[in-house]
Amino acid sequence: MPMMFSLLLLLCIHCPASMSVTVSSSKTKVEVHEHTDAVLSCDFRTEKDQNPRIEWKKKEKAVTFVYFNNKFIGSYAGRAEMEGATLTIHSVTQKDSGEYRCEVTASDDHVNFGEATVTLDVHVHPHIPSCEVPPSVFVGSDLELLCKDKQSAPPATYSWYKDNRALKVSSDAPYSVDTRRGTLKLTSVSKVDSGMYRCESSNSVGAPKSCVAQQLNVIEHPVDITILIAVASGFVIVTLLCLISVCVCRRRGCCEKEKKTQSPKSYSPPPPPPIHNIKTYKPTQSFMI
């Protein structure tokens, strides 16, 4: 037994001491409501360095500093505080959501760097959504109504109401509702589709919010569109037939034959040059030699 103890003591003497900084977080994912405080925990332990350097960074498109050189940076100045290495952000907004990193550097330790990552998710209650409802549409048209709440987190789900009655989706309904995108699609609308339409957004954070109801009127076409289509189609067909006939005629040489069968013009010689009036000489006396 004394020999065993001596062996263990000898091994411990020759083993190098583990001098390293360790960093951890008791809660790696934090979920809070907007305008409340978020506590991002960071615990560290050093073997030798009693005054390590502590930094907090946020990972976005690029890594930005939150706490550096013993002070808060940018928008965190004046609304955040440190206790040890734990970071508390007061009155958080959705912009504060993201991935944060606690970094501890202990220069005197053999392994002198350690880090821990904490994800902050700020939940936002529903806001009044923007609703797009046209004032009028023609009978027989297809229509899509739009609804969007860009501020709620987690993302809102949507429901549509007509004349304060919820539009429930069914297999035989002449419409469809996308609860994620917030769209209401109406197929081949009729007069009965006229009414007051509004959209409601909701999530798990707060009470649902609705936009102001808007009137949709389904009206008849000023002119029967089928007649216009028939007339236009007939005109196009006649024009195409005429063009085809002309092309066929030219290819077969019909037009040239007609030119050849025409009687040639008769040749008329030019008129003779004009004759000037020359007085004839009449002798009045005779001469004799």
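Remember, it's a predicted structure, so these values are computed and weren't measured experimentally.
- Ser201 approaches Pro129 most closely through the heavy-atom pair OG-CD, 3.9 Å.
- Annotation for Glu83: atom CD does not count as buried by contact number, only 12 or fewer foreign heavy atoms lying within 6.0 Å.
- Under the side chain to side chain contact (heavy atoms under 4.5 Å, CB included) test applied with Tyr67, the options Tyr100, Tyr76, Trp56 reduce to a single match, Trp56.
- Val137 and Leu167 fall within a single hydrophobic cluster, where Ile, Leu, Val, Met, Phe, Trp and Tyr are joined by side-chain heavy atoms under 4.5 Å apart, directly or via other members.
- Within the structure, ring pair (Phe, Tyr, Trp, His ring centres under 6.0 Å) contacts touching residues 119-141 (residues at least two apart or in different chains) are His125-His127, Phe138-His221.
- Asp149 places no side-chain N or O within 3.5 Å of a backbone atom of Ala156 that could act as its donor or acceptor partner.
- Counting heavy atoms from C-beta on, the side chains of Thr93 and Glu34 come closer than 4.5 Å.
- Separating the NE2 atom in His90 from the NE2 atom in His35 is a distance of 15.5 Å, to the nearest 0.5 Å.
- In this structure, Ile128 places its CD1 atom where only 12 or fewer heavy-atom neighbours from other residues, nucleotides or ligands lie under 6.0 Å away.
- Side-chain contact annotation: Gln215 with Asn217, donor-acceptor N/O pair under 3.5 Å present.
- Heavy atoms only, all atoms of each residue included: Val32 and Ala38 are closest at CG2-CB, 4.1 Å.
- Taken together through direct or relayed side-chain contacts under 4.5 Å among Ile, Leu, Val, Met, Phe, Trp and Tyr, Met82 and Ile89 form part of one hydrophobic cluster.
- Following chains of ILVMFWY side-chain contacts shorter than 4.5 Å, one can reach Leu143 starting from Leu184, so the two form part of one hydrophobic cluster.
- By the SG-distance test at 2.5 Å, a disulfide connects Cys211 to Cys131.
- Separation of atoms CD1 (Ile73) and NZ (Lys57) is listed at 11.5 Å; rounding is to 0.5 Å.
- With hydrogens and angles ignored, the 3.5 Å screen pairs a side-chain donor or acceptor of Ser97 with a backbone N or O of Val122.
- Residue pairs that meet the ring pair (Phe, Tyr, Trp, His ring centres under 6.0 Å) test with at least one member in residues 155-205, sequence neighbours left out, do not exist here.
- Under a 3.5 Å cut-off, the side chain of Thr46 and the backbone N or O of Asp49 do form a donor-acceptor pair.
- In terms of hydrophobic clustering, with Ile, Leu, Val, Met, Phe, Trp and Tyr side chains grouped at heavy-atom distances under 4.5 Å, Leu146 and Met196 are assigned to different clusters.
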query: Given Ser159 and Val177, is the side chain to side chain contact (heavy atoms under 4.5 Å, CB included) satisfied, shown in steps?
result: CA-CA 7 Å; Ser159 54; Val177 178; over 6 Å; no
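- The NZ atom of Lys29 lies 14.0 Å from the OG1 atom of Thr117; values are rounded to the nearest 0.5 Å.
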query: So Arg101 and Glu99, salt bridge (Lys or Arg N to Asp or Glu O under 4.0 Å) or not? Walk me through it.
result: CA-CA 7 Å; Arg101 192 165 65 227; Glu99 184 179 286; 5.3 Å; no
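- Both Val92 and Val30 are assigned to one and the same hydrophobic cluster, defined by single-linkage of ILVMFWY side chains at heavy-atom distances under 4.5 Å.
- To the nearest 0.5 Å, atom CG of residue Asp142 and atom CD of residue Glu144 are 10.5 Å apart.
- One finds the NZ atom of Lys58 at 10.0 Å from the NZ atom of Lys95 (value rounded to the nearest 0.5 Å).
- Counting all heavy atoms, side chain and backbone alike, Val218 lies closest to Val189 at CG1-CG2, 4.0 Å.
- Across all non-hydrogen atoms, the minimal contact from Asn112 to Val21 is C-CG1, 3.5 Å.
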message: side chain to side chain contact (heavy atoms under 4.5 Å, CB included), that's the test. Do Lys191 and Glu220 meet it? Break it down for me.
response: CA-CA 9 Å; Lys191 290 281 191 177; Glu220 297 285 352; 3.9 Å; yes
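- Remark: the Thr86 side chain and the Ser41 side chain contain no N/O donor-acceptor pair separated by less than 3.5 Å.
- Here the CG atom belonging to Leu145 is positioned 11.5 Å from the NZ atom belonging to Lys185, to the nearest 0.5 angstrom.
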task: Take Val205 and His33 through the side chain to side chain contact (heavy atoms under 4.5 Å, CB included) test and state the conclusion after the steps.
output: CA-CA 8 Å; Val205 181; His33 288 188; 4.0 Å; yes
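- Residues Arg198 and Ser210 bring a donor and an acceptor atom of their side chains to less than 3.5 Å of each other.
- Considering all non-hydrogen atoms of both residues, Pro154 and Asn203 come closest at O-ND2, 3.1 Å.
- Under 4.0 Å is where a charged nitrogen must lie from a carboxylate oxygen, and between Arg79 and Asp37 no such pair does.
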task: Tell me, with the steps shown, if Ser25 and Leu40 meet side chain to side chain contact (heavy atoms under 4.5 Å, CB included).
output: CA-CA 8 Å; Ser25 177; Leu40 311 184; over 6 Å; no
- request: Evaluate the salt bridge (Lys or Arg N to Asp or Glu O under 4.0 Å) criterion for residues Lys209 and Glu200: first the C-alpha distance (whole Å), next the side-chain angles of each, then the deciding distance (0.1 Å), finally the verdict.
  value: CA-CA 6 Å; Lys209 294 294 178 67; Glu200 186 178 84; over 6 Å; no
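- Residue Ser91 comes nearest to Asp96 through the heavy atom pair O-OD2, 4.5 Å, listed as atom of the first residue, atom of the second, then distance.
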